Structure formats: structure tokens, C-alpha cells
Amino acid sequence: MEYSLTFEETQVVQSTARFALNDILPLQKQLDSTGIMPDGLKQKFLELGILRLPFPEQYGGLDATFTAMMLAVRELGYASPVPPNGILENFVLAWPILNFGSAAMKERYLPGLIAMETVGGLAFTEPDTGSDPRQLITIAKKTDGGWILNGTKRFITYSGICDYLILFAKTEQNQVAAFLVESARPGYKVGRRESFVHMALDNGDIYLEDYFAPDEHLIGTVEQGFEVLLKSESLGKIGFCAIFIGAAKRALDLAISYANTKMHRDKPIGIKFPMIQEKIARMATQIEAMDSYLLKVCAKADKGGDIFWEAAVLKLMTAEGMRTVATDAMEIHGAYGLSQEYEVGRFYAMAAAVPVVMGSMDIQRVITGRTLLAKGKYSD
Ligand SMILES: Cc1cc2nc3c(=O)[nH]c(=O)nc-3n(C[C@H](O)[C@H](O)[C@H](O)COP(=O)(O)OP(=O)(O)OC[C@H]3O[C@@H](n4cnc5c(N)ncnc54)[C@H](O)[C@@H]3O)c2cc1C
């Protein structure tokens with residue numbers, strides 16, 4: 001499959017990389033510890049219009065590719081996970097609205113989400129499961145003109161600051177349905193906030209107490225709910241991998257710089273010790289593999305292909321790659337790797353998050369293995 005970049009995609013990479021280096025990286029510590037972009041930075045970030053890339057002009061988009069957006073997300077991820085995280089949370093709501101929503105829903109919600117004037121998110125996980133749709137307890141009961149939703153959602157990013165979410169609930173017929181939920185409506189309450197090791201993030205419980213969702217807030221049909229879930233999560237998963245691949249590149253750059261400047265009896269450790277070279281080579285190999293596969297998956301998504309399997313493989317690859325890169329980069333720094341004064345320690349905390357966000361590793365293995373066994377072979 002051909003996945004060389006277009007002129008437009010190359011330009012997106014260049015402009016986002018410049019922004020990440022010049023504007024985000026100097027504020028990385030502040031961003032990661034507060035989860036909030038200062039106003040000036042946010043303005044410049046919004047002007048880049050990254051989330052506009054894969055959406056149609058009709059809704060304020062740029063009619064470009066999913067690949068372009070993912071490359072931009074990766075470049076931002078080099079400097080901090082905070083700005084690209086915001087893009088992805090809006091994307092996982094805007095994408096299903098575009099592909100499954102009614103014309104009225106698209107008109108009403110897409111322009112604000114795509115321009116990032118409103119804040120979106122996705123609510124699947126519950127206290128008892130973040131993996132198994134059949135285990136969902138949040139219930140959607142049909143009533144006149146809409147649905148009454150009751151239940152608890154857990155670990156929901158931006159649940160305390162969002163305007164809207166795509167929320168998955170079970171109907172009385174045991175189907176998984178997708179709803180657009182508005183945080184300003186009665187019956188939407190937020191609870192305990194989580195605190196994570198890898199970045200500051202508004203995340204926590206939502207309590208739905210007789211929340212009324214009008215019929216027109218059902219995203220797709222009830223029968224399509226499961227498909228909406230799988231497709232939105234798969235694309236979101238690719239996005240989170242893109243952030244982590246960008247971060248892995250930064251970790252390698254820091255390791256190279258340290259290995260070239262830390263001296264051991266008049267020689268840089270990178271030159272003197274073959275084991276340092278081996279670590280650099282291992283990190284670079286992992287990054288090349290993750291990055292190439294990211295492009296391959298994005299190219300397939302842009303051609304309208306089903307990327308359910310590929311998203312799971314990318315996630316497995318990224319989790320393992322990020323763990324190796326973060327550990328090697330830290331070890332090259334010796335004790336400084338553990339020092340808060342050095343940036344390199346942040347990747348170790350990020351590596352811990354990769355296996356969890358957007359589905360556990362075991363579930364990715366189940367998807368990957370079962371799909372191949374059902375197909376009966378690996379090759380096409
Ligand atoms: C930073 C962060 C942000 C998050 N943001 C969101 C968000 O915005 N929206 C959202 O909905 N969720 C969010 N989550 C939750 C995340 O998606 C879930 O934590 C994740 O999917 C795993 O679910 P769980 O923790 O409930 O684990 P469980 O589903 O309880 O699983 C526990 C263990 O059992 C294994 N297991 C469970 N079922 C199976 C099975 N059928 N086959 C094999 N193994 C199985 C799992 O692999 C895992 O090891 C976020 C989590 C984090 C850390």
C-alpha cells in the first residue's frame with residue numbers, strides 16, 4: 001500500500017512541528033501539571049485548525065485527510081499530550097456525528113466542535129467495565145419523544161468541563177445505543193475527579209439521574225450503536241497512539257543529546273559505550289516501526305477501509321514500543337533520569353498510560369488473535 005505524504009500533509013507536519021517546538025515545548029511542564037493551555041497559547045493553537053483537517057468544508061472543515069490530522073497530533077505529542085488530547089476528545093464525538101448523525105445534528109454540533117469552541121468527549125467506561133459492552137449497566141429506557149438515562153460512567157475525560165459527550169448505554173432490549181449527551185441538561189452530574197501520574201486531566205465520574213435525551217440525540221439507530229462504538233474507539237485509539245509516538249521521538253532526541261554530551265574520561269558516553277549505542281538503535285527501531293505502521297493505518301482509514309484490527313495492532317505496538325523507549329531513555333540518563341529537573345522521566349509515566357487508555361492490552365490481543373483465527377490466515 002502506498003502511503004507517501006501529500007504536499008498538504010507535509011506542510012501540516014512542518015507547521016505543527018514548528019508550533020510544538022517553539023510554543024508548546026517551553027511550556028511543557030506547566031501544561032502537563034495543570035492540563036490547561038494559557039490563553040495566548042490556546043489562541044495560536046486554535047488558529048492551526050488541526051481538527052478542521054478531516055472534516056467537510058460545509059461544517060467549517062478543510063476537506064483534508066485523517067492522515068494529516070494524525071500527523072499533526074503526533075507532532076504536538078512530541079512536546080506535550082495536553083493540546084492533542086483536546087483535539088482527540090472533540091474528534092471522537094464529531095466523527096460519529098458526521099458519519100451517523102442526522103442532518104440537523106450535524107448542522108447544530110459540528111461547526112462548534114470542529115472549531116474547538118465547544119468541548120466534547122466519549123463516555124463508555126463504568127465502575128464495572130471499560131472493556132466489555134455486554135457488561136454495561138447504564139440503562140436507556142424509551143419514553144415519549146426520547147430516552148431516560150440512568151447510570152454511572154467512570155474515568156471520563158473532560159466530564160467536568162465538556163459541553164457534550166457521546167455516551168453509550170444499554171437499551172431494555174440489551175442493545176448498545178449511542179447518545180449525544182449535553183452536560184447542561186438536568187440529570188447530568190459529575191462526581192469524584194481522578195488524578196493521573198502521566199498528566200493533569202479533567203477526568204472522573206458522571207452520574208446520570210433520569211437524564212432525558214430527546215429522540216434526535218440518538219446517534220445513528222439503536223441497531224448501529226455497537227458499530228458507532230467500535231469505529232469511534234478505533235479511530236480514537238489511533239489518535240492516542242499518535243500522541244505517544246510523538247512523545248517517544250522526544251524521548252529518543254533527549255537520549256541522543258545526553259549520550260553525545262555526557263562525558264566519560266574525555267569521551268561522550270554515546271561514543272565510548274556500545275551498550276548506549278545499542279539502546280539508541282533499539283529505540284530508533286521501535287519508533288520507525290510504530291511511525292510507519294501509523295501511516296499505513298491512517299492511509300487505510302482515508303480510503304474508507306475498516307481499521308478495527310489495525311488499530312488494535314497499532315496500540316499493542318505502541319504500548320510495547322513506548323515502554324522500551326521510555327526505559328532506555330531513562331537508563332541512558334543514569335540517576336538524572338529519575339530527577340524531576342530532567343524532562344526524560346515524564347515518558348516513563350506516559351508509558352504506563354499507553355496500555356490502559358482506549359482499551360486494555362488484553363482486549364487488543366483478543367481482537368488481534370481472534371480476528372486472524374476467524375479469517376483462517378494472516379496474508380491477504
Ligand atoms: C487517562 C485515562 C483516560 C480515560 N478516559 C476515558 C474516557 O474519556 N472515556 C471512557 O469511556 N473511558 C476512559 N478511560 C477508561 C479506559 O478506557 C479503561 O480504563 C480501559 O478501557 C480499561 O477498562 P477498565 O479499567 O474498566 O478495566 P476492566 O474492563 O475492568 O478490565 C480489567 C482487566 O481485565 C481484563 N479483561 C476484562 N474483560 C476482558 C475480556 N473480555 N477478555 C480479556 N480480558 C479482559 C482487562 O484486559 C484488564 O486487564 C480512561 C482511562 C485513563 C487511564
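In this text the structure is predicted, and so the values were computed from the model without any measurement. Order of listing sets the numbers, starting from 1, for every ligand and every atom in it.
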_For atom 42 (N) of ligand 1, is there a protein heavy atom at a distance under 4.0 Å?_
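It does; a protein heavy atom is within 4.0 Å.
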_Under 4.0 Å from atom 33 (C) of ligand 1, can you find at least one protein heavy atom?_
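No; the ligand atom in question lacks any protein heavy-atom contact below 4.0 Å.
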*Near Ile156, which atoms of ligand 1 are under 4.0 Å from a heavy atom of that residue?*
7 (C), 8 (O), 9 (N), 10 (C), 11 (O)
*Please identify which atoms of ligand 1 are closer than 4.0 Å to at least one heavy atom of Asn203.*
3 (C), 4 (C), 5 (N)
I need the [X] [atom1] to [Y] [atom2] distance, nearest 0.5 Å.
{"X": "Lys375", "Y": "Leu372", "atom1": "NZ", "atom2": "CG", "result": "6.5 Å"}
{"X": "Thr157", "Y": "Asn203", "atom1": "OG1", "atom2": "CG", "result": "4.0 Å"}
{"X": "Lys262", "Y": "Lys272", "atom1": "NZ", "atom2": "NZ", "result": "12.0 Å"}
{"X": "Met322", "Y": "Ile287", "atom1": "CE", "atom2": "CD1", "result": "9.0 Å"}

*side-chain hydrogen bond (donor to acceptor under 3.5 Å, both in side chains) between Thr138 and Glu126, worked out*: CA-CA 8 Å; Thr138 297; Glu126 300 187 352; 2.7 Å; yes
Taking [Y]'s backbone N and O only, do any of them form a donor-acceptor pair with [X]'s side chain (distance below 3.5 Å, no angle check)?
{"X": "Asp163", "Y": "Thr118", "value": "no"}
{"X": "Gln364", "Y": "Ser360", "value": "yes"}
{"X": "Lys141", "Y": "Leu149", "value": "no"}
{"X": "Ser33", "Y": "Gln30", "value": "yes"}
{"X": "Ser159", "Y": "Ile156", "value": "yes"}

*Heavy-atom contact under 4.0 Å between Ala353 and ligand 1?*
no
*For ligand 1, is there an atom lying under 4.0 Å from some heavy atom of His198?*
yes
In terms of residue, atom name and distance, what is the protein heavy atom nearest to [atom]?
{"atom": "atom 8 (O) of ligand 1", "result": "Thr157 N, 3.0 Å"}
{"atom": "atom 19 (O) of ligand 1", "result": "Val356 CG1, 3.7 Å"}
{"atom": "atom 18 (C) of ligand 1", "result": "Thr125 OG1, 3.9 Å"}
{"atom": "atom 21 (O) of ligand 1", "result": "Gly130 O, 3.0 Å"}
{"atom": "atom 9 (N) of ligand 1", "result": "Leu122 O, 2.8 Å"}
{"atom": "atom 49 (O) of ligand 1", "result": "Asp362 OD2, 3.7 Å"}
{"atom": "atom 40 (C) of ligand 1", "result": "Ile363 CD1, 3.5 Å"}

Side chain or backbone, does [X] bring an N or O within less than 3.5 Å of an N or O on ligand 1?
{"X": "Ser360", "value": "yes"}
{"X": "Phe124", "value": "yes"}
{"X": "Arg154", "value": "no"}
{"X": "Ser131", "value": "yes"}
{"X": "Ala123", "value": "no"}

Under-4.0 Å heavy-atom contact with ligand 1, by part of [X] that carries it:
{"X": "Met358", "result": "backbone"}
{"X": "Tyr158", "result": "neither"}
{"X": "Asp132", "result": "neither"}

*asked:* Among Phe240, Phe155, Phe196, Phe168, which one puts a heavy atom closest to atom 6 (C) of ligand 1?
replied: Phe155
_Going by ring-ring contact (aromatic ring centres under 6.0 Å, His included), Phe66 matches just one of Phe55, Trp95, Phe91. Which one?_
Phe91
_Aromatic ring pairing Phe196/Phe155, orientation class (parallel under 30°, perpendicular over 60°, tilted between)_ = tilted
*Fit a plane to each ring of Phe19 and Phe45, take the angle between them on a 0 to 90° scale, and name the class: parallel (under 30°), tilted (30 to 60°) or perpendicular (over 60°).*
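Phe19 vs Phe45 ring planes: parallel.
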